[in-house]
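Numbers restart at 1 for each chain; the letters A, B, ... are given by sequence-line order, proteins then strands. No experiment lies behind these values; they were computed from the predicted model shown.
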Amino acid sequence: MKVLVAVKRVVDYNVKVRVKADKTGVELANVKMAMNPFCEIAVEEAVRLKEKGIATEIIAVSVGPQNAQEQLRTALALGADRAILVQTEVDAEPLAIAKILKGIVDQEQPGLIVLGKQAIDGDNNQTGQMLAALAGIGQGTFASVVKVEGGKAQVTREIDGGLQTVELALPAVVTTDLRLNEPRYASLPNIMKAKKKPLDVKTPADFGVDATPRVKTLKVEPPAERKAGIKVKTVEELVEKLKNEAKVI
Amino acid sequence: MTILVIAEHDNASLKGATLNTVAAAQAIGGDIHVLVAGSGAQGAADAAAQIAGVSKVLLADNAAYAHQLAENVSLLVAELGKSYSHILAPATTNGKNTLPRVAALLDVAQISEISKVVSADTFERPIYAGNAIATVQSSDSIKVITVRPTGFDAAAATGGSAAVEAVASAQDAGKSSFIGEELAKSDRPELAGAKIVVSGGRGMGNGDNFSILYSLADKLGAAVGASRAAVDAGFVPNDMQVGQTGKVVAPQLYVAVGISGAIQHLAGMKDSKVIVAINKDEEAPIFSVADYGIVGDLFEIVPQLEKLV
Ligand SMILES: Cc1cc2nc3c(=O)[nH]c(=O)nc-3n(C[C@H](O)[C@H](O)[C@H](O)COP(=O)(O)OP(=O)(O)OC[C@H]3O[C@@H](n4cnc5c(N)ncnc54)[C@H](O)[C@@H]3O)c2cc1C
Ligand SMILES: Nc1ncnc2c1ncn2[C@@H]1O[C@H](COP(=O)(O)O)[C@@H](O)[C@H]1O
């Protein structure tokens with residue numbers, strides 16, 4: 001079974017992003033970029049499926065600028081067999097990305113498609129679900145356990161009240177939550193080997209997709225600042241403030 | 001303009017997030033219909049009919065919708081949704097699971113987790129863990145939107161008298177089935193919607209130590225939350241995680257205990273009215289958002305606090 005993994009290049013999660021002065025977006029110049037953390041978990045899950053002999057080939061895909069090749073090379077170093085970059089300078093929206101991924105699914109016919117539950121830049125949490133709808137297949141979103149057996153996947157999902165388990169016919173989409181696994185680090189020899197693994201470059205047009213955004217960003221502003229508070233010395237003082245000043249207890 | 005709101009419910013009753021979503025629909029303006037898709041969900045539909053400002057309730061009662069499987073519910077919503085200007089769902093795990101499928105089926109974008117309505121086609125939403133607020137405008141004919149409940153004061157649960165109309169459509173995609181669930185049982189208020197939230201982090205040390213937070217919470221009538229580190233370490237279940245990729249809360253009072261205040265945690269609680277931080281490290285970033293900070297050992301402070309409140 002082939003496994004397709006979608007990885008996004010995003011601002012590293014340790015960076016505190018700042019809004020640009022002209023309010024057109026956030027400052028991306030000279031900011032550290034990385035693979036979206038949920039995508040790291042997706043790659044790790046695919047690699048574990050291969051180690052168990054369930055996956056036969058792992059294909060990593062990214063839609064983005066030329067330097068998203070860096071994140072694809074990381075995926076290759078972690079254990080993906082080959083990679084596809086669908087190159088575009090447009091900041092494509094989840095629907096367009098899902099359509100491109102659907103094009104790749106049609107070509108490659110994977111048994112399982114693993115995505116992150118959320119990209120930590122746009123915080124959309126949409127792409128996997130959209131891809132599953134376009135492909136007309138089932139989805140196990142926010143996964144914390146994935147078992148593939150007998151042409152089916154059992155996925156345990158992190159939901160508001162606790163955990164839910166669903167069974168999906170394959171092919172299916174899985175989106176990863178934080179507790180699914182703990183991603184490994186790429187070893188130096190594997191980073192070297194990854195440089196020789198195949199990486200195809202395509203365009204959205206190759207899949208007949210127009211990536212022009214449907215939603216226009218009118219402005220991007222910093223959030224309302226909280227006023228700096230005070231430090232209290234004793235618990236008595238804290239309780240007094242909560243009762244008489246803040247009036248919340 | 002007619003707006004379709006997808007109800008969040010457990011068949012018997014409505015979840016509070018539905019009321020916040022109706023409030024967002026009211027801010028957009030227009031006729032408001034509520035869809036209750038479930039199995040044996042008359043109770044939830046009757047409750048939806050009482051919500052002030054709702055003019056019609058659609059009840060799709062079928063075994064195919066019993067567990068809110070996104071594959072099935074999205075087909076129903078996409079079928080019904082074609083005649084609406086907006087389709088809204090709360091940004092709960094259910095809403096997030098189903099609504100993007102609806103958007104894809106209708107070939108429109110989804111706007112995730114709006115925190116404010118600017119106009120019928122323009123909305124504010126947080127991005128980058130709430131470090132920026134984007135104002136976005138949709139040009140799609142149907143606007144598919146998830147609503148961040150904390151952004152909108154709940155609509156009144158009573159005062160309305162909408163008609164409940166049965167929807168016959170039974171959509172079973174046949175791609176997925178429900179196996180089981182493990183739901184946390186608790187007598188404490190739910191995190192979303194609680195007036196006071198007490199959250200513990202890695203500083204709690206282990207799961208047993210959370211008992212001091214539970215006693216404090218019970219005295220305050222509070223819900224209990226946690227940081228990712230506390231959940232990952234297995235101290236408490238996943239549904240207690242507050243943050244960018246967990247639950248977003250905005251109570252009257254949020255007490256962060258042994259939590260450092262990473263941006264991903266702040267994203268889930270920094271709109272709380274009053275924030276208290278208890279941490280032994282006076283440099284901890286949580287103090288930069290706390291109204292009242294107290295530097296010290298949580299194992300001394302929390303029991304004292306419990307005695308005094
Ligand atoms: C993709 C991604 C998503 C994430 N999503 C979330 C999310 O949704 N929610 C979330 O919370 N995090 C999230 N995180 C994790 C986040 O970055 C932090 O790692 C996490 O919030 C840290 O948890 P903590 O504050 O409990 O632990 P730590 O950062 O380890 O802080 C523990 C604190 O406890 C204090 N302490 C220790 N002992 C005591 C004591 N006896 N008395 C008083 N104080 C004490 C310490 O001084 C310290 O400040 C995410 C990270 C990533 C990469
Ligand atoms: N540009 C992209 N290229 C490849 N995968 C993507 C891209 N954008 C989103 N994804 C996938 O979809 C997941 C969810 O992203 P989002 O819906 O944007 O929150 C990510 O974790 C990725 O797995």
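- Using a 4.5 Å cut-off between heavy atoms, B/T245 contacts chain A through both its backbone and its side chain.
- With a 4.5 angstrom heavy-atom cutoff, B/A290 touches chain A only via backbone atoms.
- Using a 4.5 Å cut-off between heavy atoms, A/L238 touches chain B through its side chain atoms alone.
- Contact of B/K96 with chain A is made through backbone and side chain together, with heavy-atom distances under 4.5 Å.
- Within residues 105-123 of chain A, the residues having any heavy atom under 4.5 Å from a heavy atom of chain B are, by residue number, A/K117, A/Q118, A/I120, A/D121, A/G122, A/D123.
- For a residue to count as touching a neighbouring chain, one of its non-hydrogen atoms must lie under 4.5 Å from one of that chain's; by this rule B/D107 touches chain A with backbone and side chain alike.
- Only the side chain of A/V26 comes within contact range of chain B, with at least one heavy atom under 4.5 Å from a heavy atom of that chain.
- For the options A/A169, A/A132, A/A172, A/G140, heavy-atom pairs under 4.5 Å to chain B are most numerous at A/A132.
- Neither the backbone nor the side chain of A/T156 comes within contact range of chain B; no heavy atoms are under 4.5 Å apart.
- Looking at A/V15, the atoms closer than 4.5 Å to chain B (heavy atoms on both sides) all sit in the backbone: N, CA, C or O.
- Contacts between B/I278 and chain A at a heavy-atom distance below 4.5 Å are absent for every atom of the residue.
- When heavy atoms are compared at a cutoff of 4.5 Å, B/Q264 approaches chain A solely by way of its side chain, counted from C-beta outward.
- The part of B/L220 that comes within reach of chain A is its side chain, from C-beta onward, which places non-hydrogen atoms under 4.5 angstrom from that chain.
- Only the side chain of B/Q241 comes within less than 4.5 Å of a heavy atom in chain A; its backbone stays farther off.
- In this structure, the portion of B/I263 lying under 4.5 Å from any heavy atom of chain A is its side chain and not its backbone.
- Of residues 28-37 of chain A, those residues lying under 4.5 Å from chain B by any heavy-atom pair are A/L28.
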